[in-house]
2 protein chains.
Amino acid sequence: MSMDFAPPKYAQVMKAIQQRIEAGEYAPGDMLPSETQLVREFAVGRTTVVRALQTLAMQGWIEREHGRGSFVKGRPDSPPDRVRPGLAVAEQAESTESVTEVERVAAPRHIARLLGVAERTPVIARRRVAKQGGRPSAVETLWFPLEVALGTDVDKPGPLRHGVRQHLQAVKHLRFDHVTERLTARNPTKEEAELLGSPKPVLGVLATVHDAAGSVLLVMSAALPGDLHELQDVYQVS
Amino acid sequence: MSMDFAPPKYAQVMKAIQQRIEAGEYAPGDMLPSETQLVREFAVGRTTVVRALQTLAMQGWIEREHGRGSFVKGRPDSPPDRVRPGLAVAEQAESTESVTEVERVAAPRHIARLLGVAERTPVIARRRVAKQGGRPSAVETLWFPLEVALGTDVDKPGPLRHGVRQHLQAVKHLRFDHVTERLTARNPTKEEAELLGSPKPVLGVLATVHDAAGSVLLVMSAALPGDLHELQDVYQVS
DNA sequence: CTCAATCACTTGTGCGGACGAGTGGGAGAA
DNA sequence: TTCTCCCACTCGTCCGCACAAGTGATTGAG
């Protein structure tokens, strides 16, 4: 029985209206059908219609005027997507060959500083080699404080099929809140060069993942060969 | 009788919760009182409390988890400052020594493609070497289509004291709208290495500056030595 | 004709109730 | 002891209803 869940009704109403706006059926400036009419058309309660309309208004699709009606504004423009290598790494599912090493090691100085622990404190280091078309395309190491790793599988060599973020949230309710990312160009370390099979310059990424309280959940360091990776970013000029 | 209207109850509830979050009474990560408790405390219906909480969640103050509770995230921050080397370069004032070369040259292929002109079309190349503490810290080249450069000083060797952006806006009313930026790690070209005085890997930045209509105003290419530059970025996890 | 009251329509806000589903802990069975 | 089931608690959604308040056209008194 793989019954797919129907989306909530207010979302269905929203979607229908959005589609009509995009299709031009409701043109900018037009008045939408009144709440009462929508109630009849979609056969739902007014609560539901109102919630759909108010959400659309908050998202900028429409404008509502007390006593007059709801009016189409058009598709709201959203901030363009950005490249976030730090998050992508934590999001990524792992495959069997990607995880090469998981150990408990003394934290190197720069990692310890980012994790907020004393130098040489034991931490979990989880190293992975990402591949594209059979060739290694990146070397990534995830560093976890012991408190974070405790009771999870991040300190076990098996691949995490749903990615680190999902895993931490599922088993320990740890939620990612924000990421601090530092990026530079450097030569790969000898070890990275071997794993990558190339001594060419790499993008060095150092990302710190925090929870809502600001505690550091993990640090990610990665080497992305410059000839394979290009980070793109589009932004508005204020 | 100038009775001020009381704000709606859901807004009062929102405001109260926001204030408690700002005051630290509800700290990030904390669980908020349950809907039922808030109903009792504020003496309103659940509809009202739910609306307040859902609005707060949409605005990023809190996070709601089905079956668990509502949790404080903190004051929603405006998008954090990002590093935008592309824009910084155009914004920067030039000093006497920084501009090394201004020529009219045939556009190299990759630049021509970004400018949207045919290969080998003549364009203006404006090269600069940025310095920090007397040492060269970056090599930047700005490429302008002739139509853009016409009537401006960007094709003249004198330094632009207020930066390229200001200059273009002042003399030709050209306004920057958005920037597309591509970033990678590479070895410096022979020329760049000489100017920088070092063969170490560099961050290669290629930025395209557009106006509101999408036309390309200029392309910027830069080499930022990895040992001198680190780009930092902080972002919220959705 | 002018103007004000009225009325039908719109959205804004609010309540109480209902049922569903996810979570987590504790009681009880194995 | 360990595991499973159950139950209390959470939020998610939806309904019907009610009344307030803004808007604009119609009506009717003057």
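Chain A is the first sequence line, chain B the second, and so forth, proteins listed ahead of strands; every chain is numbered from 1. For clarity, every value in this text was computed on a predicted model and none was experimentally measured.
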Less than 4.0 Å between a side-chain N and a carboxylate O, is that true for A/Lys15 and A/Glu22?
no
Residue mapping more 5' on DNA chain D - nearest nucleotide basis, A/His66 or B/Gly69:
B/Gly69
Mark yes or no for whether [X], through its side chain, and [Y], through its backbone, hold a donor-acceptor pair below 3.5 Å.
{"X": "B/Glu35", "Y": "B/Arg46", "result": "no"}
{"X": "A/Glu194", "Y": "A/Glu191", "result": "no"}
{"X": "A/Arg126", "Y": "A/Lys156", "result": "yes"}
{"X": "A/His167", "Y": "A/Gly163", "result": "no"}
{"X": "B/Lys172", "Y": "B/Val148", "result": "yes"}
{"X": "A/Thr184", "Y": "B/Gly226", "result": "yes"}

From [atom1] of [X] over to [atom2] of [N], roughly how many Å is that when rounded to an integer?
{"X": "B/Leu38", "N": "D/dT10", "atom1": "CG", "atom2": "P", "value": "10 Å"}
{"X": "A/Gln169", "N": "C/dT23", "atom1": "CD", "atom2": "C1'", "value": "13 Å"}
{"X": "B/Arg64", "N": "C/dG22", "atom1": "CZ", "atom2": "P", "value": "16 Å"}
{"X": "A/Gln37", "N": "C/dT11", "atom1": "CD", "atom2": "C1'", "value": "13 Å"}
{"X": "B/Leu32", "N": "D/dT10", "atom1": "CG", "atom2": "C1'", "value": "13 Å"}
{"X": "A/Ile62", "N": "C/dT11", "atom1": "CD1", "atom2": "P", "value": "9 Å"}
{"X": "A/Phe71", "N": "C/dT10", "atom1": "CZ", "atom2": "P", "value": "11 Å"}
{"X": "A/Glu35", "N": "C/dC9", "atom1": "CD", "atom2": "P", "value": "15 Å"}

Considering only side-chain heavy atoms of B/Pro8, which listed nucleotide, D/dA21, C/dG14, D/dT23, is closest?
C/dG14
Please table the atom pairs, donor to acceptor, closer than 3.5 Å between any side-chain atom in residues 48-62 of chain B and protein atoms at least two apart or in another chain.
{"residue": "B/Thr55", "atom": "OG1", "partner": "B/Arg51", "partner atom": "O", "Å": "2.7"}

Looking at A/Ser70, I'd like to know whether one of its side-chain N or O atoms comes within less than 4.0 Å of OP1 or OP2 on C/dT10.
no
Below the 4.0 Å mark, does D/dC14 have OP1 or OP2 next to a side-chain nitrogen or oxygen of A/Tyr10?
no
Min side-chain heavy-atom separation B/Val202-B/Arg186 under 4.5 Å:
yes
Pairs under 3.5 Å (N/O, protein and nucleotides 15-19 of chain C):
{"residue": "C/dC15", "atom": "OP1", "partner": "B/Lys9", "partner atom": "NZ", "Å": "3.3"}
{"residue": "C/dC15", "atom": "OP2", "partner": "B/Gly45", "partner atom": "N", "Å": "2.8"}
{"residue": "C/dC15", "atom": "OP2", "partner": "B/Thr48", "partner atom": "OG1", "Å": "2.3"}
{"residue": "C/dG16", "atom": "O6", "partner": "B/Thr47", "partner atom": "OG1", "Å": "3.3"}
{"residue": "C/dA18", "atom": "N6", "partner": "B/Arg46", "partner atom": "NH2", "Å": "3.3"}

Does the base of C/dG24 carry an N or O that pairs as donor and acceptor with the side chain of A/His173 under 3.5 Å?
no
Using a cutoff of under 3.5 Å, can you pull out all pairs of nitrogen or oxygen atoms linking the protein to nucleotides 1-9 of chain D, with atom names and distances?
none

